[in-house]
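Since the structure comes first, as structure tokens, the remarks are kept for the end.
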Amino acid sequence: MTTETSELRRRVQLWFGPQHPGITGNMSVQAWLEGDTLTAGVTHVGYLHRGFEKLMERRRFIQSFPIVCRICVPEPDTNEYLLAAGLDELSGLAAEVPQRGRWIRTLVLEMSRLQMNLMTLGGHIGAMAMGAAPNWLIALRDLVLDRFEELTGGRIYHMFITYGGVRRDLPEGFAERMEANFRTIEEKLPLVDNVIFDSSVFRKRAIGVGVVPEEWVDEMSLSGPIVRAMGIPRDVRKDFPYEKYPELDFEVVTTTGSDIYARAWIRRQEIAQSMDLIRQIFRKMPEGPYCAKLPNMLTWTIPPGQTYVRAEATRGEMGYYVVTDGSDKIRRVHVRAPSYVHGVALLERMIPGTNIADLAPLMVSLQVCPPEMER
Amino acid sequence: MSVKHTLAPFSAWLQAFSKPFTLPDRHGYREGADRYRGWHINDTKTCIGCGSCAEICQNVAIDMVPVDDPVTGDSGLRPRVDYGRCCWCALCVDVCPSGSLGMSNEYIWVEADADAFRYIPGVDPKPWDSAEKGWRQEEGFDLVDHQRVPMPMLDPAERTRTWAEVVVGYSREEARREASRCVECGLCVAACPAHMHIPDYIAAIRDGDDIAALNIIYDNNAMPEMCGKVCTRRCEGVCSIGVQGEPLAIRWLKRYVTEQFDDLSDVVHAEVERVGEGKKIAIVGGGPSGVTVAYYLAIRGFDVTIYEALPQLGGATFFGIPKYRFPMPSLEKQVKLLTDSGVTIVTNHRVEKDEMRQLLRDHDAVFIGTGLMKPYGLRAPGEDLPGVMYALDMLRDHHIGKTIDVGKKVVVVGGGNVAIDASRVSLRLGAEVTIAYRRRKVDMPADEEEIEDAEAEGIKIVTQAIPLRVEQADGGRLDFIWGPAEMIQEEEGRRPRPKLIEGVENHMIVDRVIVAIGQGAEHSWMPEEIAEKIADKRGWITVDENGMTAYDGIFAGGDLVNSTADAISAIADGLRAVVGIQKYVGVLPASEDEGDEPVAIAT
Amino acid sequence: MEFQSVRDILDFAITKEQEAHDMYADLAGKVERPELQKTFREFAQMELGHRARLEKIKAGELPGFTDEAVENLKLSDFLLDVTPRPSMGYQDVILFAMKAEKRAHDLYVGLGKATQDARLRQVFKGLAQEELKHKHFFETEYDEFILEGN
């Protein structure tokens with residue numbers, strides 16, 4: 001028996017994805033196993049590649065908005081907001097965005113965080129093959145999607161925030177219906193807590209599993225729930241406040257442990273935080289126009305310039321580096337997507353030593369969103 | 001591991017005995033939200049086929065396709081949506097200048113044939129065509145700019161004391177801002193009789209390239225400064241932005257460009273072959289149609305001579321249009337370009353019968369554009385009284401420098417542009433002016449803006465007033481007697497006709513009655529053998545698709561030929577004759593099929 | 001003039017149409033402008049058409065006069081009478097024709113009033129109506145094309 005054959009017998013190569021139902025989306029991890037322990041993993045992305053950044057260079061400014069929402073399917077609004085914010089800033093339209101427009105943007109961003117966290121929390125336990133809680137959480141998320149449908153005309157792709165403000169005002173009675181949904185969510189969440197955070201299965205598989213060392217934070221520019229689960233109060237909404245967040249009262253949620261459990265717990269707390277923020281927004285939102293007077297979409301040009309704008313997505317810091325060159329199209333967009341850091345660099349670094357069964361929960365807890373890795 | 005944590009997973013079983021998490025109404029059909037972005041709907045009657053929806057669609061899911069019975073003035077096209085490409089972003093709805101496009105809140109549609117998912121909303125019937133819910137345009141979010149950059153104008157009180165131009169003109173910044181409102185749908189190109197390249201020169205203005213804009217304009221308009229000031233601007237009437245907002249100020253933009261240059265010969269460079277060397281063309285009548293023919297043939301090397309009875313070229317734009325609308329230097333500038341291009345201009349020269357016969361013998365072709373120069377008479381008792389005058393004569397005398405006495409009070413009979421011009425000139429000559437018009441204000445053929453301006457300057461308009469007779473009044477004044485009219489709608493779609501209500505007579509004591517009821521052709525200069533062949537009973541001349549009359553070698557255009565009586569139609573006639581004459585003299589292939597395509601003249 | 005029968009009246013009317021034709025034909029030879037000569041010839045032809053129509057009615061080939069309503073624009077009521085001159089223009093040609101039709105119309109109206117016989121009165125009414133139609137033709141031409149700006 002040669003060394004080579006023995007090596008082959010000891011190490012099994014396994015393709016995890018891209019169609020694995022337990023995975024976070026269409027990407028794959030090429031993993032090597034020794035027993036049931038992973039020794040190495042290489043990520044393969046590209047299954048969703050449409051070249052969003054390049055597409056935007058060939059479209060007029062307004063035409064890029066139906067594209068950017070696809071950069072993260074379950075949480076499209078951060079992308080819409082960031083493109084809008086970048087163009088607002090470069091064109092000087094920022095000064096004209098009406099207050100109500102800014103409040104509605106904040107509302108949409110927070111609704112988006114809320115529904116994304118509901119879904120991801122379900123994913124946490126779903127990846128451990130527990131079926132009930134994910135179904136409940138998806139049902140609760142649907143309530144928020146109902147409000148999205150009512151506000152923006154679409155459930156998943158909202159295409160709602162544009163430069164200058166937003167596309168529509170709130171419908172009549174929107175806040176009341178939202179409040180009714182919140183009551184339902186608040187009523188059901190203890191059940192969910194019970195089968196997730198109190199469950200011995202979840203606790204055994206999440207506590208102390210997938211621990212991200214603190215020294216990696218700055219080295220790898222980690223952000224979002226991953227760092228908050230280490231006790232570091234890092235949140236773009238506080239650190240680099242945008243839109244109406246400075247006027248809202250909230251604390252950055254932190255915990256310690258830096259494991260899967262801690263990250264799930266952060267998400268659970270942020271669900272409550274989002275609902276609180278939305279209630280505040282409804283109280284504070286003034287009447288008035290919701291969008292600035294927009295220039296002719298066909299002929300609008302933006303002077304040369306570049307900017308970096310950022311926002312807190314549920315996955316971490318999302319940023320858009322936008323360059324304009326004085327023409328009617330964007331010269332370059334670079335999307336700084338948290339999943340690119342978390343889902344490629346961090347994931348590959350964390351795989352060695354992880355049990356094969358924990359790979360899916362780990363990916364969910366890092367909140368890997370494949371389309372945003374392959375803009 | 002505590003007991004609590006061990007039992008917790010099983011608590012999910014308790015849900016088996018309670019109400020489901022999901023809501024009962026999730027079963028079966030669920031109506032889309034009020035502004036759901038579902039399948040498209042389109043009100044094809046208000047849709048103008050401008051194609052802005054196709055333009056904004058980032059998926060290229062919308063094609064503009066021809067449909068049966070389009071409405072006049074639109075492109076005859078309607079959007080067809082391909083749902084294999086559509087992403088339901090509804091930008092097409094938000095941009096729609098006419099507001100006709102919408103989306104229903106219907107989202108379920110099952111069909112075996114994949115091609116069915118490409119249809120023309122509003123044309124191919126669908127169950128959701130009449131859906132009341134769904135995404136629609138909403139006030140407060142506009143992707144196009146509905147507000148025109150205001151044109152600075154002289155104050156009405158100040159205007160009447162001077163002959164200065166009423167319209168001040170756009171600055172460079174204002175022009176660029178106005179130009180940037182254009183959505184480049186091109187409906188204006190089809191509406192313009194001369195098919196000017198409107199979106200192209202607007203784009204050049206927007207980009208700050210005035211020289212390019214001027215050259216694009218000169219491609220098929222040799223009197224653009226005149227058009228920029230007084231054109232009847234049918235382009236603006238069909239402008240898609242005008243459906244819900246104020247149309248692009250196309251006329252003012254053209255005006256802006258032409259005003260930027262003092263000497264056009266420096267900047268206008270037509271790049272055409274001089275195919276006409278050695279060919280001689282005579283033009284009778286120096287109005288817009290004649291000038292057009294002269295310019296575009298001269299730059300092609302033809303030997304062109306224009307004969308004009310009045311001291312200046314321009315036709316009605318010279319002797320008819322008052323200088324506060326179209327100042328003399330503007331006209332002279334355009335005439336200079338004509339001379340610079342090599343046109344021989346013979347003014348103060350009326351061609352008579354024998355000379356016309358001689359012209360025909362000496363030239364390869366003759367173009368007639370003598371216009372409608374003969375005012376129709378009042379034909380009411382008292383029309384011969386001193387003090388009854390004709391607007392056309394009065395305007396002409398005024399513009400060739402004669403002194404006109406209109407007295408203190410004037411009534412102008414008529415409602416066309418000539419009537420308005422005569423009124424505003426009389427006003428500036430110091431008279432108090434009333435317009436008496438037989439029909440309603442909406443029926444007035446005069447430009448709406450002109451009517452507004454006239455009223456702003458203090459001119460009174462009496463409508464549905466039929467002139468009955470003019471009598472001598474005390475102190476050498478005149479008693480203008482008129483009767484009220486009722487409006488009769490005889491045929492659908494035609495303007496209603498006024499009918500006298502008998503028994504009522506109104507009196508107006510005035511110093512002058514200025515008649516501007518209409519005008520006809522005057523052919524006494526034309527040899528009989530020609531008139532017999534080319535003129536119809538009304539004096540109008542019929543031409544073929546090349547602008548040629550029934551008399552071999554005689555081309556015609558202008559008010560004589562088209563019934564619209566505006567300068568841009570005359571220019572269009574001229575352009576047609578330019579092509580026609582080249583074919584006739586054999587420098588263009590006669591078989592070349594121009595079709596309905598806009599004729600690019602200079603390039 | 002006494003009319004005993006419908007036939008008498010129709011004969012009279014046919015003569016009138018013939019006279020009108022002769023007048024226009026005569027004028028066609030007198031005016032200077034060739035395009036107006038054409039116009040008068042057209043009018044003369046129209047009168048022949050009217051005559052033919054009356055003859056058909058007389059022969060019983062047509063049922064009689066239609067009773068369709070014709071709008072009276074009354075233009076010929078207050079506009080000046082014109083005398084045909086060789087140098088006359090299109091405006092005066094239309095005005096002249098319009099006035100001629102009005103005279104014919106007035107004639108039949110007058111004759112109808114003077115007639116006791118209800119049946120004959122009906123015939124005059126029909127003839128007057130015919131002339132009114134002709135007048136309307138010229139009045140709309142005048143309204144549309146001469147008074148274009150008024």
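In the text below, chain A, chain B and the rest are named by the order of the sequence lines, each starting its count at 1.
- Interatomic distance, CZ of B:R495 versus CD of C:E144, reported as 6.0 Å (0.5 Å rounding).
- The heavy-atom pair separating C:N72 from B:K499 by the smallest distance is O-CE, 3.1 Å.
- Proximity to chain B involves both the backbone and the side chain of C:T140, based on heavy atoms less than 4.5 angstrom apart.
- Rounded to the nearest 0.5 Å, atoms CD (B:Q489) and CD (C:E71) are 11.0 Å apart.
- Residues B:P467 and C:N150 have side chains in contact (heavy-atom distance under 4.5 Å, counting atoms from C-beta outward).
- Around the CZ atom of B:R357, the shell of radius 6.0 Å holds more than 12 heavy atoms that belong to other residues, nucleotides or ligands.
- In this structure, no portion of B:K533 lies under 4.5 Å from any heavy atom of chain C.
- B:E528 contributes no side-chain N or O that, together with a main-chain N or O of C:P34, makes up a donor-acceptor pair within less than 3.5 Å.
- Considering only heavy-atom pairs separated by less than 4.5 Å from chain C, the leading option among B:A446, B:G520, B:A531, B:A419 is B:A531.
- Neither the backbone nor the side chain of C:D81 comes within contact range of chain B, judged by heavy atoms closer than 4.5 Å.
- Both the backbone and the side chain of C:L147 come within less than 4.5 Å of a heavy atom of chain B.
- For C:I94, no part lies near chain B; criterion is any non-hydrogen pair under 4.5 Å.
- For chain B, the nearby part of C:V82 is the side chain; its heavy atoms alone come within less than 4.5 Å.
- For the atom pair OH of C:Y142 and CD1 of B:I517, the computed distance is 5.0 Å after rounding to the nearest 0.5 Å.
- Of the atoms belonging to C:E42, it is side-chain heavy atoms, and not backbone ones, that fall under 4.5 Å from chain B.
- With a 4.5 angstrom heavy-atom cutoff, C:L36 touches chain B only via side-chain atoms.
- The candidate with the highest count of non-hydrogen atom pairs below 4.5 Å against chain C, out of B:S524, B:P445, B:G539, B:S563, is B:S524.
- Of the listed residues B:R469, B:M444, B:E502, the one with more heavy-atom pairs under 4.5 angstrom with chain C than any other is B:E502.
- Heavy-atom minimum distance, C:D143 versus B:R438: OD1-NH2, 2.6 Å.
- Proximity to chain C is limited to the side chain of B:E383, based on heavy atoms less than 4.5 angstrom apart.
- The two residues C:F78 and B:P381 make their nearest non-hydrogen contact at O-CD, 3.8 Å.
- With rounding to the nearest 0.5 Å, the separation of CG in C:L79 from CZ in B:R379 is 9.5 Å.
- Contacts between B:L378 and chain C at a heavy-atom distance below 4.5 Å involve the backbone alone (N, CA, C, O).
- Taking CD of C:Q91 as the reference point, atom NZ of B:K374 lies at 8.0 Å (rounded to 0.5 Å).
- Around NZ of C:K38, the count of heavy atoms belonging to other residues, nucleotides or ligands within 6.0 Å exceeds 12.
- For a residue to count as touching a neighbouring chain, one of its non-hydrogen atoms must lie under 4.5 Å from one of that chain's; by this rule B:A521 does not touch chain C.
- The six-membered or imidazole ring of C:F145 lies near that of B:W540, with a centre-to-centre distance under 6.0 Å.
- Between C:R41 and B:E532, the shortest heavy-atom distance links the atoms NH2-OE2, 4.1 Å.
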Report the C-alpha separation of B:M526 and C:R33 in whole Å, then their side-chain angles, then the decisive distance to 0.1 Å, and conclude whether the side chain to side chain contact (heavy atoms under 4.5 Å, CB included) test is met.
-> CA-CA 9 Å; B:M526 202 187 282; C:R33 300 301 312 153; 4.2 Å; yes
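- Expressed to the nearest 0.5 Å, how far CG of B:L500 lies from CG of C:L75 amounts to 9.0 Å.
- Between C:E141 and B:R538 there is a salt bridge, since a side-chain N of the basic residue sits under 4.0 Å from a carboxylate O of the acidic one.
- Proximity to chain C is limited to the side chain of B:I488, based on heavy atoms less than 4.5 angstrom apart.
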